[in-house]
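Notes follow the structure.
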Amino acid sequence: MKRPATRLLCSIAIALYCLAPFFWFILTSFKSPAELTAIPPELIPSFHVGFYRSALQNYGLLRYIVNSAIVAGAATLVTIAIGALAAYVMARFRFRWTNIYLLMLLAIAMFPQIAIAGPIWSILDRLGWLNTYHGLVAAYVALSLPLAIWILTTFFREVPGEIEEAALIDGCSRLQALYRVVLPLAAPGILTASLLVFIYAWNEFFFALIIVTDPDFHTLPVGIALFPGEYTMPWGEIAAASTLATTPLILLTLIFQRGIVRGLSAGAVKG
Amino acid sequence: MRGLSKRFGANEVLKNISFEVADGEFCILLGPSGCGKSTLLRIIAGLEGPTDGEIAIDAQRVDHLAPRERDIAFVFQSYALYPHMTVFDNLAFALRLRRAGAVEITAKVTEAARLLEIQDLLERKPQALSGGQRQRVALGRAIVRQPKIFLFDEPLSNLDATLRAGMRVELARLHRRLRATIVYVTHDQAEALTLGEKIIVLNQGSIQQIGNASDIYRKPANTMVAGFVGSPRMNLLDGRLDDTGRHLDCGGFSIDLTPVLETALLRLAGDFLTIGVRPEHLRPTSEDQSWIRGEVDMVEDLGSDQFIYLHSGDIGLIARSGGQSLPQPGTIIGLQVAPSEVHLFRNGKRLEG
């Protein structure tokens, strides 16, 4: 594509195709009940916030947001903490099975969720962890660890061994060398892995649905899915809730965009 | 250090290494790449474990201790500065880990920075420094620790030639000033000969010779040291001594040793010998005084020195011109050498006397 105009048009078309649903529910969320059902439909809403108020007051949206924040935040922290240690070992100590182990991790990450849903449910049931935050966090940690270890290993391998050896000689223990020198240097990788895990846990629907049946512990995706009543379909409230659910992810991604881009491309090319 | 060896699988990279370094001594580990000198240094530092043998610092065994418990500093070839910290923090890192007080840290860092003339750089990050400046910071990081031993792993090899010569002088000055014990790895003989009080020449995992610069240069223990130290390299001629003990048979080509030997080597008659002569001792001379003659291939004029590359039969030789008129390529010239400047080796080992 040589001409900038063509390229621009194509970009806009692709962006529109991807973003149209988002625009739709964002615009819908700001409509008034009358605008919502108007025929022909109004494109530009009157920036009415009634649906937001209703979603928060009548549908317990705040509860779901808090639940999601707790679960996704905790899952991210635990995953990165465990993943960093595992990845550090993968990156620094070459065992005979290191690469096979990494490949197995990748294979595990490819398992369809439905295949492991039963076992996970049974385990959590025996532990009495159904309908708890830690039950859901445990599942998310298990599911996102392979990806996190994989990403972090790539980053840790990029940190020159000599810098770490310098730290060991300067008086660090292995663990001190890890968090004083290796982690700061692998910060883009930590950031990338954290965001991916957080987004995964924030959006996850399937396990959240089967592990948690108590409405007090529902996360956003499940909570929103349960908005419709037996005889009602609250489109406005669903749109408002979806907008609120998406905003934090968009903000996080925009804030850390540069770090992530560096993160995802590192390892591909030796810098 | 006693009876040290290191194996990687079936590959023995260090064989029974034993030596001592005196307090305050500048000790050089010199050898070609792959001779095991860096591995040796890493074993002293504790970054790698020996397969056998023991290491002691101040008569105290350290080979079971972690690097941080050995009270050593290591200057890496790549400098290995902490890229996410300022120069000040790089220097202060070890002190902070030791929980030194803020006043002490500032005092020591400032002192080291002054010594190395990097006071103005303390707030910068390593990426904003030139190679020479990074080198100084790496040095400073070692100095603030006041360790028992400084270990240097080819610290100057990433600098350009001018900077390297300058840093070499500065390292020597620094050593005099701090009276520090230093073990310094290099493959650069100029560094070794100018800096080293004790030079240990390593090849293929074993010690070839230990001595000061003059020993190593004037009395190389074997043909490896003779060929490795000195630039251009020493002329080494292999051959078999004939029954008279006066002629060396170099395979279809005989060298008369009479002019270069004080006495005939009758006791060695029939042995395979190597004679070595440094280029600076092999001087062009008139035909009638010549010991060996050769055809000039090319002349290398370095300004202060002129080296003549020539061949005699199949054997390549290098001689240093006395500075008179330089011979043209293709001409045949005679060369002479004083008997005291001839090195003799049997089975690769130096023959004394």
Consider side-chain contact (heavy atoms from CB on, under 4.5 Å). Of B:V62, B:V21, B:L151, which one does B:I44 pass it with? B:L151
Heavy-atom pairs under 4.5 Å with chain A - which of B:P67, B:A66, B:G46, B:A94 has more of them than the others? B:A94
Only counting residues at least two apart or in another chain, list the ones meeting ring-ring contact (aromatic ring centres under 6.0 Å, His included) with A:F22. A:F25
Part of B:A142 within contact of chain A (heavy atom distance under 4.5 Å): neither
Checking heavy atoms, do the side chain of A:I169, its backbone, both or neither come under 4.5 Å from chain B? both
B:S130 backbone acceptor or donor facing B:Q133 side chain under 3.5 Å: yes
Just to verify, what does B:E170 make a salt bridge (Lys or Arg N to Asp or Glu O under 4.0 Å) with, not counting sequence neighbours? B:R136
Bottom line for B:F93: the part with an atom under 4.5 Å from chain A's heavy atoms is side chain
Side chain of B:K37, backbone of B:G31: donor and acceptor closer than 3.5 Å? yes
Could you pull out all residues at least two apart from B:R177 that satisfy salt bridge (Lys or Arg N to Asp or Glu O under 4.0 Å)? none
Would you find a donor on one side and an acceptor on the other, under 3.5 Å apart, between the side chain of B:D188 and the backbone of B:A190? yes
Quick check against the 3.5 Å criterion: does B:H175 have a side-chain atom that pairs as donor or acceptor with the backbone of B:A180? yes
When only pairs under 4.5 Å are counted, which of A:P160, A:A167, A:G161 shares the most heavy-atom pairs with chain B? A:A167
Suppose we count any N or O donor within 3.5 Å of an acceptor, strictly below that value; which pairs fall between chain B and chain A?
{"unit_1": "B:R42", "atom_1": "NH1", "unit_2": "A:E165", "atom_2": "OE1", "d": "2.8"}
{"unit_1": "B:R42", "atom_1": "NH1", "unit_2": "A:E165", "atom_2": "OE2", "d": "3.4"}
{"unit_1": "B:R42", "atom_1": "NH2", "unit_2": "A:E165", "atom_2": "OE2", "d": "2.8"}
{"unit_1": "B:S78", "atom_1": "OG", "unit_2": "A:E162", "atom_2": "OE1", "d": "2.2"}
{"unit_1": "B:Y82", "atom_1": "OH", "unit_2": "A:A166", "atom_2": "O", "d": "3.4"}
{"unit_1": "B:Y82", "atom_1": "OH", "unit_2": "A:A167", "atom_2": "N", "d": "3.3"}
{"unit_1": "B:Y82", "atom_1": "OH", "unit_2": "A:D170", "atom_2": "OD2", "d": "2.9"}
{"unit_1": "B:H84", "atom_1": "NE2", "unit_2": "A:R180", "atom_2": "O", "d": "3.0"}
{"unit_1": "B:R145", "atom_1": "NH1", "unit_2": "A:I169", "atom_2": "O", "d": "3.2"}
{"unit_1": "B:R145", "atom_1": "NH1", "unit_2": "A:D170", "atom_2": "OD1", "d": "3.2"}

